[in-house]
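See structure below.
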Amino acid sequence: MRFEVLPAIDVADGRLATYTSQGPMPSEAFSGDPIAAARSHIDAGARWLHVVDMDLAFDGEARNLGVVHAIAGLGRPVQASGGIRTADDAQAMLDAGARRVVLGSRALADEALTLDAIRRFADRLVVGIEIDEGRIRSRGAEPVDLPLAETLGWLVAGGAHALLATAVPRVGSLDGPDVASVKRVVRSGKPVLAAGGLASIDDIRAVRRAGAVGAVIGRAALDGGLDLAAALELS
């Protein structure tokens with residue numbers, strides 16, 4: 001699988017937002033137009049875009065399907081995320097134009113539901129693995145706290161196509177990736193995307209060396225701290 005760098009666009013109430021591990025809710029740090037941000041990422045060379053519905057993640061209501069649809073219409077495949085808990089949530093994102101969706105970690109509390117979604121959506125579903133202190137600890141509404149190794153075991157046995165490993169304490173921090181956690185998830189044998197703390201080209205190279213097949217870049221792609229065009233050349 002070709003390594004991909006996916007710029008992230010976090011959306012709350014139709015506007016750009018961001019989330020950090022220091023706060024319980026997203027804040028409108030970038031106060032801008034997510035469609036314009038998507039166009040900018042495409043102009044820099046992005047082949048994929050990662051769109052996060054913060055309202056679904058924190059309030060349980062998908063209020064940004066129109067934004068997903070508009071961004072998907074720009075001609076690049078969209079990976080939609082943000083607390084997707086059910087097959088209906090996933091289908092709504094796909095119907096809005098997403099190429100694939102990320103099942104939120106909260107869904108992992110229900111093994112039967114998760115395995116059904118894996119069977120139903122196959123390679124259009126990525127399973128989110130939010131890692132905090134060696135455990136799966138989801139953010140947003142109704143958080144879960146699950147053992148990492150055991151959960152990875154049944155996900156692999158159940159045929160999960162790919163995983164998104166997010167270092168929760170590093171989200172929005174620009175403090176660099178949790179390479180050790182990426183390696184733990186990579187050992188599952190499934191393709192792994194890495195997220196959380198990525199701030200530089202060296203950070204992207206680090207998760208690639210750790211075995212990740214992709215990197216999701218959030219805040220660093222928006223605040224100008226990362227030369228996104230140069231980062232995308234790693235894809």
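Everything numeric in this text was worked out from a predicted model, so none of it was measured. Just so it is clear, the values below take in all heavy atoms, side chains as well, and ignore hydrogens, waters and symmetry mates. Positions are given from 1, in the same order as the sequence printed here.
A pairwise comparison of heavy atoms in Ala8 and Leu222 identifies O-CD1, 4.4 Å as the closest pair. Contact record, Gly134 with Leu148: O-CB, 3.5 Å, taken as the closest heavy-atom pair. The two residues Val5 and Ala231 come nearest to each other via the heavy atoms CG2-O, 3.6 Å. Residues Ala92 and Leu65 approach most closely at O-CD2, 3.9 Å, considering heavy atoms. Residues Leu56 and Gly83 approach most closely at CG-O, 4.0 Å, considering heavy atoms. Closest non-hydrogen pair, His41 versus Pro7, comes out as CD2-CB, 3.4 Å.
The salt bridge (charged side-chain N to carboxylate O under 4.0 Å, His left out) search around Arg120 returns none, not counting sequence neighbours. Applying the side chain to side chain donor-acceptor pair (under 3.5 Å) rule to Arg63 yields the partners Asp55, Asp59, Glu61; only residues at least two apart in sequence or on another chain are considered. Not a single salt bridge (charged side-chain N to carboxylate O under 4.0 Å, His left out) links Asp88 to another residue, sequence neighbours left out.
Side-chain atoms of His69 never come within 3.5 Å of backbone atoms of Gly97 as a donor-acceptor pair (strictly under, hydrogens ignored). With hydrogens and angles disregarded, no donor-acceptor distance shorter than 3.5 Å links the side chain of Asp116 to the backbone of Ala112. Using modelled atom types, no side-chain atom of Ser173 and backbone atom of Gly197 make a donor-acceptor pair closer than 3.5 Å. Side-chain atoms of Ser40 do not come within 3.5 Å of backbone N or O of Ala36 as any donor-acceptor pair. Under the 3.5 Å distance criterion, the side-chain polar atoms of Lys183 are left unmatched by any main-chain donor or acceptor of Gly211.
Atom CG of residue Leu146 and atom CD1 of residue Ile136 lie 5.5 Å apart, to the nearest 0.5 angstrom. Expressed to the nearest 0.5 Å, how far CG of Asp202 lies from CZ of Arg209 amounts to 7.5 Å. Between the CG atom in Leu113 and the CG atom in Leu108 there is a gap of 9.5 Å [rounded to 0.5 Å]. Taken from CD1 in Ile129 to OG in Ser188, the straight-line distance is 8.5 Å, to the nearest 0.5 Å. Rounding to the nearest 0.5 Å gives a distance of 7.0 Å between CG of Leu49 and CD1 of Ile71. To the nearest 0.5 Å, atom CH2 of residue Trp48 and atom CD1 of residue Ile42 are 13.0 Å apart.
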*What's the verdict on side chain to side chain contact (heavy atoms under 4.5 Å, CB included) for Leu94 and Phe121, showing C-alpha distance, side-chain angles and the deciding distance?*
CA-CA 10 Å; Leu94 293 171; Phe121 298 109; 3.6 Å; yes
*Tell me, with the steps shown, if Val102 and His50 meet side chain to side chain contact (heavy atoms under 4.5 Å, CB included).*
CA-CA 10 Å; Val102 178; His50 179 83; 4.2 Å; yes
_Ile9 vs Leu16, side chain to side chain contact (heavy atoms under 4.5 Å, CB included): CA-CA, chis, key distance, verdict_ = CA-CA 7 Å; Ile9 301 168; Leu16 283 176; 3.5 Å; yes
*asked:* side chain to side chain contact (heavy atoms under 4.5 Å, CB included) for Met93 and Gln91? Distances and angles first, verdict last.
replied: CA-CA 5 Å; Met93 290 292 185; Gln91 189 63 58; over 6 Å; no
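Between Val11 and the options Val52, Asp53, Val67, a side chain to side chain contact (heavy atoms under 4.5 Å, CB included) holds for only Val67.
Pairs passing the salt bridge (charged side-chain N to carboxylate O under 4.0 Å, His left out) check and including a residue from residues 144-159, sequence neighbours excluded, read Arg135-Asp145, Arg137-Asp145. Sequence neighbours left out, the pairs with a member in residues 97-107 that pass side chain to side chain donor-acceptor pair (under 3.5 Å) are Gln79-Arg100, Ser105-Glu130, Arg106-Glu142. Under the salt bridge (charged side-chain N to carboxylate O under 4.0 Å, His left out) criterion, no residue pair touches residues 224-235, with sequence neighbours excluded.
Linking ILVMFWY residues whenever their side-chain heavy atoms come closer than 4.5 Å, directly or via other members, leaves Leu174 and Val168 in distinct clusters. In the hydrophobic clustering of this structure, Leu234 groups with Leu226; members are Ile, Leu, Val, Met, Phe, Trp, Tyr whose side-chain heavy atoms approach within less than 4.5 Å, directly or through other members. Taken together through direct or relayed side-chain contacts under 4.5 Å among Ile, Leu, Val, Met, Phe, Trp and Tyr, Ile35 and Val51 form part of one hydrophobic cluster. One hydrophobic cluster, built from ILVMFWY side chains closer than 4.5 Å, cannot hold both Val179 and Leu164; they sit in different ones. Clustering ILVMFWY residues whenever any of their side-chain heavy atoms sit less than 4.5 angstrom apart, transitively, puts Val186 in the very cluster that holds Trp154.
Side chains of Val101 and Val126 form no contact here, defined as non-hydrogen atoms less than 4.5 Å apart. Taking the side chain as every heavy atom from C-beta outward, Leu125 and Ile118 approach each other to under 4.5 Å. You'll find the side chain of Leu232 reaches within 4.5 Å of the side chain of Leu228, heavy atoms only. Residues Thr166 and Val171 meet the side-chain proximity criterion, which asks for heavy atoms closer than 4.5 Å. Between Val213 and Leu193, some side-chain heavy-atom pair lies under the 4.5 Å cut-off.
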